Every structure is written in C-alpha cells, then in structure tokens.
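On a predicted model such as this, the values are computed, not experimentally measured, just so you know.
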Amino acid sequence: AAVDVGLATLGGAVIGAYPAGSGEVDLLGWTAWQAGDWYGQDHRAVALAAEAGYQWTRTSWRPWVRGGLFRASGDESAADDTHGTFFPLLPTVRRFSQTTAYSTMNLNDLFVSLQARPRNAVGLRLDVHRLDLASAADLWYAGSGATLESGGTFGYAGRRSNGSKRLGTSIEASADVAVTPRFSLNGFLGWIKGGPVVTGTFRGDHLWFGYVESVITFATR
C-alpha cells in the first residue's frame with residue numbers, strides 16, 4: 001500500500017554540565033510526543049531519554065562514565081484503531097544503535113558507556129546495552145527511516161516479536177585516531193547476543209559487526 005502517514009511531533013530537551021570534585025556531572029533529558037494519522041488510524045506515541053554521567057576532567061585519560069535509559073513506545077494492539085509505535089521522523093540510528101540492528105521504535109534501551117582519551121588525538125569508547133521491546137504485541141524494527149514523500153517505500157523493516165520483549169544485549173567498542181588535523185582513522189566492533197525476539201526467527205543467537213574507516217575533513221571558508 002502507498003505510504004499514508006501524517007503526524008505532528010512536539011518535544012523538548014534539557015541539558016547541563018556542572019563542576020563537581022575533580023570533574024563535572026552532565027545531565028540530559030528529552031521527550032517527544034506524537035499525534036496524527038497512521039494509515040487511517042489515530043497515531044499516539046511518545047519517546048523519552050534520561051542520561052547522566054561524570055567526567056574526570058583533571059586526570060589522565062579524562063575518563064567519562066555515562067548511563068541512561070531510552071524508551072520509544074510500541075503499539076499495544078493491532079486490533080484497535082490507535083497506532084502507538086513511535087516514529088522517528090529524522091532518525092539518528094547510530095547515536096543509539098551503533099550496530100544498526102535495531103531502530104528507535106518500540107524499544108527500551110538501558111545502557112552504560114565508558115569513554116577515555118589517552119591522548120588528545122586518540123578517543124576510546126565502550127558501550128553495553130540491555131535491549132527490550134516496549135511492547136511484545138508490536139514488531140522488532142530496523143532501518144534508516146522514511147526516504148520519500150510519497151510512494152511505497154516505507155524505510156523501516158519489522159520482524160515479529162515471537163511473543164517476547166527480550167531483544168538482547170549488545171557490547172560495542174570503538175577507537176578514533178586523528179592522524180593529522182584533517183585525516184583520521186576510526187575502528188568499530190560490535191557484538192549482540194540475541195534474546196527470544198531474535199532466536200524465534202533466526203537459527204543463530206548472536207551478531208558481529210565491525211568496520212574500519214578513514215575520514216578526510218576539507219577546510220571551508
């Protein structure tokens with residue numbers, strides 16, 4: 001069927017950083033509420049994030065520990081006239097899913113992150129996520145989002161939940177090295193251990209994803 005979606009999103013964010021001890025505490029919170037029409041159904045959905053961290057700014061390596069929760073609502077029933085799956089209009093998937101195996105729809109993401117900078121030109125990061133679906137009645141979504149104003153391309157794919165909320169656990173590690181002010185090398189390795197949502201569809205229960213990339217920055221005037 002042709003895409004037939006029309007909705008409005010209203011939200012807000014709060015962010016701050018405050019000196020504390022030998023470093024600073026950072027806080028982040030945001031929420032987005034949606035209403036509109038979804039293929040003839042009323043659309044009502046919400047997403048929210050709450051994060052906090054502490055960075056030791058006056059010690060070597062400048063370690064930074066952060067943790068938080070992200071929640072994007074899912075649909076509770078396919079039989080009613082209300083669609084409850086949060087729809088990220090301008091998705092930034094890799095901010096929440098560096099392995100890109102899931103999207104910020106029908107998702108509960110509890111995470112902890114550790115970052116360090118042994119040198120000014122070297123950045124290290126380690127993330128651990130516990131992943132669950134917000135609703136077992138909805139799907140496990142993946143994709144990069146809507147790409148056309150009209151037509152049959154939706155931009156997301158959905159797999160069945162297999163009656164479970166437990167999506168899995170992901171561990172992701174990355175390193176960024178600035179070789180010169182305009183040239184850098186980045187490496188990433190991610191691993192996901194799938195739960196019943198995954199094993200109910202696939203024979204395997206884990207996924208590896210990695211890459212090495214080079215980035216050239218061009219100066220502009």
Side-chain angles (χ1 to χ4, degrees), residues 1-15 27-52 66-113 127 129-170 192 194-198 200-201:
V3 175
D4 183 16
V5 175
L7 55 88
T9 302
L10 176 66
V14 177
I15 186 171
L27 301 172
L28 168 68
W30 67 263
T31 185
W33 297 79
Q34 293 182 333
D37 179 80
W38 188 273
Y39 293 91
Q41 294 183 322
D42 290 333
H43 177 80
R44 302 288 186 272
V46 61
L48 60 88
E51 304 178 12
R66 305 192 75 252
L69 170 68
F70 172 80
R71 176 178 174 83
S73 63
D75 194 57
E76 296 294 340
S77 173
D80 60 18
D81 292 328
T82 301
H83 180 258
T85 308
F86 182 77
F87 182 58
L89 300 175
L90 298 174
T92 53
V93 176
R94 283 189 54 78
R95 291 187 64 84
F96 296 92
S97 170
Q98 295 184 72
T99 53
T100 66
Y102 55 92
S103 292
T104 51
M105 306 168 69
N106 188 33
L107 181 69
N108 287 336
D109 180 358
L110 182 65
F111 78 91
V112 61
S113 173
D127 294 79
H129 296 255
R130 177 191 166 93
L131 305 167
D132 296 277
L133 302 185
S135 171
D138 205 345
L139 302 175
W140 160 28
Y141 293 95
S144 58
T147 56
L148 297 176
E149 183 178 355
S150 62
T153 301
F154 177 67
Y156 287 105
R159 296 186 174 92
R160 62 182 184 271
S161 70
N162 298 301
S164 175
K165 290 185 177 182
R166 187 76 181 97
L167 181 58
T169 300
S170 75
I192 296 181
V197 173
V198 176
T201 299

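Formation of a donor-acceptor pair under 3.5 Å by the Asp80 side chain with backbone atoms of Thr82 is found in this model. Checked by atom type and distance alone, the side chain of Ser77 pairs as donor or acceptor with a backbone atom of Ala79 at under 3.5 Å. In this structure a side-chain-to-backbone donor-acceptor pair under 3.5 Å is present from Asn162 to Val197. The backbone N or O of Leu48 sits nowhere less than 3.5 Å from a side-chain atom of Thr31 that would complete a donor-acceptor pair.
By the 30° and 60° cut-offs, the orientation of the rings of His83 relative to Trp38 is parallel.
The two residues Gly84 and Ala45 have their closest heavy-atom pair at O-CB, 3.6 Å. Arg44 and Gly36 make their closest contact through NH1-N, 3.6 Å (heavy atoms, listed as atom of the first residue, atom of the second, distance). Heavy-atom minimum distance, Ser164 versus Pro196: OG-CB, 3.6 Å. Closest approach of Ala101 to Trp140, counting heavy atoms only: O-NE1, 3.2 Å.
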Query - Verdict with reasoning, Asp138 to Leu133, per side-chain contact (heavy atoms from CB on, under 4.5 Å) - result: CA-CA 8 Å; Asp138 205 345; Leu133 302 185; over 6 Å; no

Query raised in the report: When you look at Phe87 and Tyr156, which way does the side-chain contact (heavy atoms from CB on, under 4.5 Å) test go after all the steps?
Result: CA-CA 10 Å; Phe87 182 58; Tyr156 287 105; 3.5 Å; yes

Report task. Run the numbers on Arg66 and Leu28 for side-chain contact (heavy atoms from CB on, under 4.5 Å), then give the verdict. Result -> CA-CA 10 Å; Arg66 305 192 75 252; Leu28 168 68; 4.3 Å; yes

Report task. Would you please test Leu131 and Asp109 for side-chain contact (heavy atoms from CB on, under 4.5 Å) and show each step? Result -> CA-CA 5 Å; Leu131 305 167; Asp109 180 358; 3.7 Å; yes

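Note: Arg159 CZ to Leu167 CG = 11.0 Å, rounded to the nearest 0.5 Å. How far CZ of Phe86 is from OG1 of Thr9: 6.0 Å, rounded to the nearest 0.5 Å. How far CG of Asp37 is from CG of Asp42: 7.5 Å, rounded to the nearest 0.5 Å.
For the side-chain hydrogen bond (donor to acceptor under 3.5 Å, both in side chains) criterion with Asn108, the lone passing option out of Arg130, Arg71, Lys165 is Arg71.
The local environment of CH2 in Trp30 is crowded, with over 12 non-hydrogen atoms from other residues, nucleotides or ligands closer than 6.0 Å.
The side-chain heavy atoms of Leu139 and Asn106, taken from C-beta on, include no pair separated by under 4.5 Å.
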